[in-house]
Every structure is written in C-alpha cells, then in structure tokens.
Amino acid sequence: MTDDLNRLRQDTEQALAAAADMAGLEAVRVAVLGRNGRLTALLKGLGAVPAEQRKERGGALNLLKDEVAALIEARKAVLESHALDARLKAERVDVTLPARPSPEGLIHPISRTIEELVQIFGAQGFSVAEGPDIEDDWKNFTALNIPEDHPARQEHDTFYLPRRLPGGPQQGTRMVLRTHTSPVQIRAMLGSKPPLRVICPGRTYRSDHDATHSPMFHQVEGLVIDRDITMAHLKGCLVDFLRAYFGVEDLPVRFRPSFFPFTEPSAEVDIGCSRKDGQLVIGAGQDWLEILGCGMVHPRVLAAGGIDPNEWQGFAFGMGLERITMLKYGLPDLRPFFESDIRWLRHYGFAALDAASLATGIA
Ligand code: PHE
C-alpha cells in the first residue's frame with residue numbers, strides 16, 4: 001500500500017477512535033467516504049493515473065474502502081454498546097424504594113366497594129362470575145321465571161335494543177341492556193356444573209334518573225347451589241357479609257317476606273340504623289334501612305339453568321352497589337358518581353395503592 005493510502009488509513013483510525021458518539025462517527029464517515037470525502041476523491045482521481053498503475057492502484061483503493069467501512073462498523077458497535085450501558089445505568093430501577101403514592105390516580109368508590117365485596121365473599125369461598133351488559137331477554141327475564149306479559153318487565157323500565165343488532169340473534173329473543181345482574185345466575189348455571197358459589201358484580205341499566213337512581217348503575221348478584229343449601233345458609237351468609245362490610249359487629253339485620261319471581265320464598269333484608277338530628281348512623285337504633293333482595297332459587301330457574309331441582313337447591317341475592325356505597329360513606333347524591341368530576345373523585349376516591357383486604361381492614 002502506498003504512503004498516501006497508509007496515511008489515510010491511519011488518519012481514519014485515529015479519527016474513529018476519537019469519535020465519541022454517533023454524530024462524531026458519521027462526521028468521520030462523510031470526511032472519508034462521503035461525496036467529497038478523501039477516499040472518494042482518490043477513487044475519482046483514478047482516471048488520471050497512468051494505465052499501467054491503474055489496476056494496482058484501483059485494487060488498493062477498493063481494499064482500503066472495504067477496510068474503512070469495516071472500521072466504521074466496528075466503532076459503531078462499540079459506541080452502541082457504550083450507549084446501552086449508559087442507559088442501563090441511568091435507568092436502573094431501585095426496587096427497594098418504597099412506593100410513591102400517586103397524587104393523580106384514585107380508586108372510584110364503586111370500584112372500591114367491588115374490591116371489598118370480592119374480599120368478603122372471597123373469604124366465604126365465592127368466586128367472581130361475569131356476564132355481558134347487553135343480554136338477551138330470555139336470560140334477563142324468561143329464564144328467571146318472568147313471563148312475557150309479566151308486569152316486572154315494565155317495572156324494570158327496560159332499555160330494549162333494536163331488534164336486529166349486528167351479530168345478535170335474529171328471531172324470538174330481543175336484546176336488552178340487562179336490568180339486573182340476575183341473568184348471570186343463568187349463565188353461571190349453564191356454564192358449569194353444581195355445586196356453585198359465585199358473586200357477579202357489574203353494570204346494570206334502567207331508565208330512571210334522580211338523586212338516588214341513575215340509568216346506569218351497579219349490582220352484585222350472589223348464587224349458591226348445592227344439595228342441601230337452606231334459608232339458614234342464606235341468612236348466615238348475608239348477616240356475616242353485612243356486618244363485615246359496614247364494620248359493625250352487632251349490626252341488626254332483619255329478613256322481611258317479599259316477592260321476586262326468581263326466588264321462593266323471597267325476602268328483603270333491612271339493617272338497623274338511627275337518625276339523630278338528620279344524621280344517619282348505621283347500627284343499633286329505631287329505624288330500618290332496606291339493603292337487598294334474596295331468596296331460595298325458584299325450581300323453574302334451576303331448570304332453565306339446566307340443573308335438576310329435585311337434586312339441587314340454593315339461594316340467590318342481589319343488591320345495588322351505589323346504595324351500599326352511599327350508606328357506608330355518607331354520600332348524599334348518586335349523580336356525581338358518574339359525572340367524572342375530578343374534584344368529587346379527589347374528595348371521595350381511594351388511594352390506588354391502598355387496596356381492600358381482609359388482612360388490613362376493609363373499612
Ligand atoms: N334481581 C333483583 C333486583 O334487581 C334482586 C334479587 C336478586 C332478588 C336475587 C332476589 C334474588 O331487584
């Protein structure tokens with residue numbers, strides 16, 4: 001290799017070693033191999049070289065060109081690995097640091113209530129079942145022993161969907177926004193074999209709107225099916241739940257005979273409370289507050305769920321989550337629950353990292 005090429009190679013090696021980053025590397029590449037680069041100029045000058053030397057000179061130049069390209073690539077790999085090391089160092093996560101409570105994210109009271117329900121009923125051996133908000137009217141009504149002409153279908157102020165919903169059933173059954181979580185009872189029964197022990201929290205819809213009703217609200221359903229489940233189990237389960245949820249150990253609980261088409265016998269459940277100077281206190285007192293509906297699953301509902309009523313029986317309950325949330329935290333108005341006003345959430349929301357658990361206390 002001639003002296004000028006040797007020099008060019010040495011200069012390039014030095015410049016590459018001095019290049020501290022990708023921009024420096026690119027500058028070296030342009031200075032040597034770019035349109036006006038030193039090596040490019042030598043290649044361009046090849047035409048002026050005497051014919052007998054041209055072949056040798058051309059070969060040497062091309063060799064050098066390949067060598068320089070390889071040197072640039074090698075330096076690039078080194079710089080990239082340095083950059084990665086620096087990033088890994090700078091972005092290292094100290095997993096021993098305590099969690100920083102976020103000033104932004106808060107848990108909505110309804111989500112909090114669902115977490116608490118899952119904790120309390122989870123401890124009683126329940127698992128969580130789900131169903132869709134858009135339900136067919138067979139599961140929402142018919143399978144629950146609410147016949148076509150039953151006034152309950154009107155009472156529920158149902159939102160019916162257009163008959164022909166893309167992907168929906170074409171005949172017979174109509175789609176509705178589920179008016180309660182009870183259709184998930186049917187789904188749970190059709191979906192797995194008894195014994196069953198599930199709660200089903202979720203959104204429900206009725207065309208109602210005032211300080212204590214919202215067209216979209218939440219319920220939790222409970223369903224227990226086994227061979228010899230009785231009303232005594234129902235009472236024990238719900239009394240334990242209500243005392244744990246409201247954090248009142250001796251909370252008075254009253255079961256009042258009632259009617260639901262899907263349970264027989266049926267009851268409504270009240271909890272004791274007192275009202276002093278307009279202030280509601282949950283616990284012992286002269287007054288009662290209605291909290292939920294329940295009963296023994298009607299044999300027709302079991303049959304609709306594919307379960308033999310001669311072999312199995314059980315209980316079900318359903319309650320509104322807004323109501324029990326408002327009562328527990330003393331919230332006077334339901335409407336702000338779903339207005340997404342960040343000031344309301346800042347006031348009533350729960351710290352994201354402060355999850356409900358039986359171990360840390362749920363109240
Ligand atoms: N689905 C009933 C309602 O929405 C509540 C309920 C559920 C009652 C299960 C009894 C058993 O009012």
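Keep in mind the model is a prediction, meaning the values are calculated, not measured. Each ligand, and each atom within it, is numbered from 1 in the order the structure gives. One-based numbering along the sequence shown.
Heavy-atom distances between Phe315 and ligand 1 stay at or above 4.0 Å for every pair. Not a single heavy atom of Met319 sits less than 4.0 Å from an atom of ligand 1. Residue contacts with ligand 1 do not include Arg178, since none of its heavy atoms lies under 4.0 Å from the ligand.
For residues 298-309, no pair satisfies salt bridge (charged side-chain N to carboxylate O under 4.0 Å, His left out), with sequence neighbours left out. Listed by first and then second residue, the salt bridge (charged side-chain N to carboxylate O under 4.0 Å, His left out) pairs involving residues 36-57 are Asp4-Arg57, Asp11-Arg38 (not counting sequence neighbours).
Polar contact check, Glu221 against ligand 1: no nitrogen or oxygen pair lies under 3.5 Å apart. Taking distance alone, with nitrogen or oxygen atoms compared against 3.5 Å, His180 approaches ligand 1 more closely than that limit.
Below 30°, between 30° and 60°, or above 60°: for Phe121 and Phe126 the angle between ring planes is above 60°, a perpendicular geometry. Taking the six-membered ring where tryptophan is involved, the planes of Phe241 and Tyr245 are essentially parallel, since the angle between them stays under 30° and well short of 60°.
Using a 4.0 Å cut-off between heavy atoms, Ser266 makes no contact with ligand 1 at all.
Across Pro215 and His209, no two heavy atoms sit closer than the pair CD-CD2, 3.6 Å.
Heavy-atom contacts from other residues, nucleotides or ligands closer than 6.0 Å to CD of Glu130 number 12 or fewer.
Listed by number with element, the atoms of ligand 1 under 4.0 Å from a non-hydrogen atom of Phe317 are 7 (C), 9 (C), 11 (C). Atoms of ligand 1 lying under 4.0 Å from at least one heavy atom of Arg206, given by number and element, are 3 (C), 4 (O). In the vicinity of Cys294, heavy-atom distances shorter than 4.0 Å reach the ligand 1 atoms 8 (C), 10 (C), 11 (C). Taking a cut-off of under 4.0 Å to the non-hydrogen atoms of Ser182, the atoms of ligand 1 that pass are 1 (N), 7 (C).
Between Tyr205 and His218, the distance separating the two ring centers is not shorter than 6.0 angstrom.
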